[in-house]
Amino acid sequence: MCTFVDSKKVLKMSKRYTITAALPYTNGPIHIGHLAGVYVPADIYARYLRLTGNDVAFICGSDEHGVPITIKAKKEGVSPQDIVDKYHAIIKKSFEDFGISLDNYSRTTAKIHHDTASEFFTTLYEKGEFIEEVTEQLYDEEANQFLADRFVIGTCPKCGNEESYGDQCEACGTSHNATDLINPKSAITGNVPTLKQTKHWFLPLDKHEAFLKEWILEGHKKDWKSNVYGQCKSWIDDGLRPRAVTRDLDWGIPVPLPDAEGKVLYVWFDAPIGYISATKEWAAREGKDWEPYWKDKDTKLVHFIGKDNIVFHCIIFPAMLKAEGSYILPDNVPANEFLNLEGNKLSTSKNWAVWLPEYLEDFPNQQDVLRYALTANAPETKDNDFTWKDFQARNNNELVAIFGNFINRVVVLTDKYYNGIVPEASNFSKIDEETLATVKAYPDVISSSIERYRFREASQELMNLARLGNKYLADEEPWKMIKQDEVRTQTIMFVALQIASALATLSEPFLPFTSDKLKRILNFEKNTWNEVSSKDILIPAGHQIGKAELLFSKIEDETVQFQVDKLLATKKANEAANKTVEPQKEEITFDDFTKLDLRVGTILEAEKMPKAKKLLVLKVDTGIDIRTIVSGIAESFTPEEVIGKKVTVLVNLAPRALRGVESQGMILMTETPEGKLVFVNPDTSTALSTGDANVNNGLHIS
Ligand SMILES: [Zn+2]
């Protein structure tokens, strides 16, 4: 299937590519983090490869199994199938809306996937690639089921958080086993679970350690991104352990063995096989053979994922493929880091995100603006921040002012001077020749960035081509030349139209909607990527082009401020939701209350307690004496800030020693909704306006 394309006398061989994009988990819509991290770079790559004449299968699908979906279904009182049907449709539509040019978007609840995953499991089972082990798992007698880690809640053994999940404590981030929790409770019934024996199958990753070491640590030292390589190395260096491939659950692909009732394939095992089943589904629809896309060693397999998926795609899935024996391994896994939003981590549960359906409501037909802003600022080598200000700047200063402005001037002038007909060129000046030669070099420049998975850089090179066009027009000034030299003006416009045509083709991977529009305006099909280098004329004299249309429009300050305000409202709502109001304590009598001797004092001295992060040692004038009080406010106030402050003191609290210093009383503090400590202050504007600390202003109870 090899064809040779002559591009600047370099022979480029057309290849077969299988490109996968991480299967989105089907419990919510897609947000900008997903788009920036996975789907836009994968789409740029796939579109570029098609434009350069390669055979591409660009594959994705919904990941529809796993415990979180069953939990969401229980919460909403619907079936897991209802949940995945709902979000599969939403996600699929978002991909279509944003021009993610998938050849197939499948789903892991599809029959073809259940069959493919079962078959894969059976092959490994029959080859003796699994180990069987009976372990003790938490079991809910009332619900009559084993409890997945996420279905167990208890006290974190590390930090004491009483709401820790079985697999991970969200308060301190520690991973643990459900059986490690103190006071575990079933999330289904609230009962205390019992331990019950259950049999599972494990993939012995340790057995594949030598292969993984050689394949990744030796074989991909140079070509894999350093963040990916580094994570793989640390996993391998830590030592790999057997990993269960089955679970006790009623949602998923049943384990295809006779003694495995109530057990399904673990979601991490079935999900990556989803790439294979989605390829099969696509090939059947297209009348193609799927196998070369996964089994021919000349096929290049590339997985696009976010950094949280590195271990699955670089270690576990390759170990599965290797164990199966007939599959190729990924050539590269160009995982991205995370995108943050306005300085905070994107979060589905906190609604801290820009959801794609919502974006399109607020910015209709502006998919390319988001694609461009996310690519130009992609988290390729480190976590990056998306801000609405940057989004606005990318649009106004680059897409509008450079790309859009250049195209608009070329089309408007061609219409005005020549009724939209591409003029004849005569003698090229040195600048014309240099400009045309530079245009011809761009396909290779952009290719080089794309093929090294540097999509940010590639998008900036595309913008540089538009800059070249703008500069050419600014230098040659056809609007002045038309009054002096009509022949020269024709040549200038001819050159400018060649640049516009090159942009129409080379922008396609990045700005597919704009590229289509531009091709429509220029009224031509398209050149291939390589033709932009090899052809001397991209758009010939005599060709009729259409009328100007705006490619991009300016985004105003109010528009981005509206988005920022929306996020601020979300932040406020989150804070209100997280505010924990302590329950009222037991009732006390008036006599109990009168036992408190509260007085207003003045802090005379303050210093940090050595080796205690929270404590300040204060000298306080209480009006009756000067005493030492140790107060746990050092994280909220510096010593300098509190000296001279009027404070409310409980003076008859029994003294107690804190870190060897006797504390003779207590300063009254309270907490704001944001968790900030504040003093319970006497109203300084009245009673204490004299500021006389020696006056006893005890809060007497009368
Ligand atoms: Zn914890």
Side-chain angles (χ1 to χ4, degrees), residues 25 27-28 33 66-72 74-75 135-140 143 145-195 231 234-235 237-241 243-244 247-249 266-268 306-312 337-338 340-341 343-353 383 570-571 573-583 611-615 632-636 671-677:
Y25 199 60
N27 63 347
V67 172
I69 284 166
T70 65
I71 292 182
K72 195 171 175 100
K74 271 207 171 78
K75 248 187 220 160
T135 57
E136 290 201 311
Q137 299 269 311
L138 295 172
Y139 187 81
D140 186 326
Q145 69 176 77
F146 282 98
L147 295 170
D149 294 341
R150 283 266 144 174
F151 277 127
V152 186
I153 291 167
T155 304
C156 168
K158 180 111 184 259
C159 76
N161 165 28
E162 291 177 7
E163 298 282 304
S164 174
Y165 289 114
D167 53 347
Q168 195 181 32
C169 169
E170 293 201 337
C172 69
T174 312
S175 317
H176 41 236
N177 293 317
T179 46
D180 296 338
L181 290 179
I182 303 158
N183 301 324
K185 273 190 309 221
S186 162
I188 305 169
T189 61
N191 292 344
V192 177
T194 54
L195 276 172
Q231 230 193 79
S234 102
W235 273 83
D237 288 350
D238 276 356
L240 299 169
R241 282 166 286 277
R243 210 174 161 113
R247 323 204 65 176
D248 295 291
L249 194 70
Y266 213 153
V267 66
W268 67 256
K307 70 171 165 189
D308 50 337
N309 263 322
I310 291 175
V311 64
F312 295 105
E337 300 288 295
F338 287 150
N340 295 323
L341 170 61
N344 290 295
K345 220 175 140 181
L346 278 154
S347 162
T348 301
S349 57
K350 291 181 186 153
N351 193 28
W352 190 257
D383 289 358
T570 300
K571 191 170 250 179
N574 285 339
E575 277 165 7
N578 287 339
K579 193 173 89 182
T580 47
V581 179
E582 301 228 349
K611 289 182 193 154
K613 238 171 47 195
K614 290 188 177 167
L615 301 180
I633 58 173
E635 287 181 320
S636 301
E671 218 176 72
T672 65
E674 294 78 37
K676 188 176 172 291
L677 281 181

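Numbering of ligands and ligand atoms starts at 1, following listing order. Throughout, residue positions are numbered sequentially from 1 according to the sequence presented.
Side-chain contact between Leu138 and Phe146 is absent, with no heavy atoms from C-beta onward closer than 4.5 Å. Residues Lys158 and Cys169 are not in side-chain contact: their nearest non-hydrogen atoms beyond the backbone lie 4.5 Å or more apart.
Listed by chain and number, the residues in a side chain to side chain donor-acceptor pair (under 3.5 Å) with Ser347 are Ser349 (sequence neighbours excluded). Judged as a salt bridge (charged side-chain N to carboxylate O under 4.0 Å, His left out), and not counting sequence neighbours, the contacts of Asp383 are Lys307.
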Check residues 179-188 and write down every donor-acceptor pair under 3.5 Å in which the side-chain atom is one partner and the other belongs to a residue at least two apart or another chain.
| unit_1 | atom_1 | unit_2 | atom_2 | d |
| --- | --- | --- | --- | --- |
| Asp180 | OD2 | Asn177 | N | 3.1 |
| Ser186 | OG | Asp140 | OD2 | 2.5 |
| Ser186 | OG | Ile188 | N | 3.0 |
| Ser186 | OG | Thr189 | N | 3.3 |

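At a cut-off of 2.8 Å, measuring from the Zn ion (ligand 1), the protein N, O or S atoms that fall short of it are Cys156 SG, Cys159 SG, Cys169 SG, Cys172 SG, waters left aside.
Judged by distance alone, the side chain of Ser164 and the main-chain N or O of Asn161 form no donor-acceptor pair under 3.5 Å.
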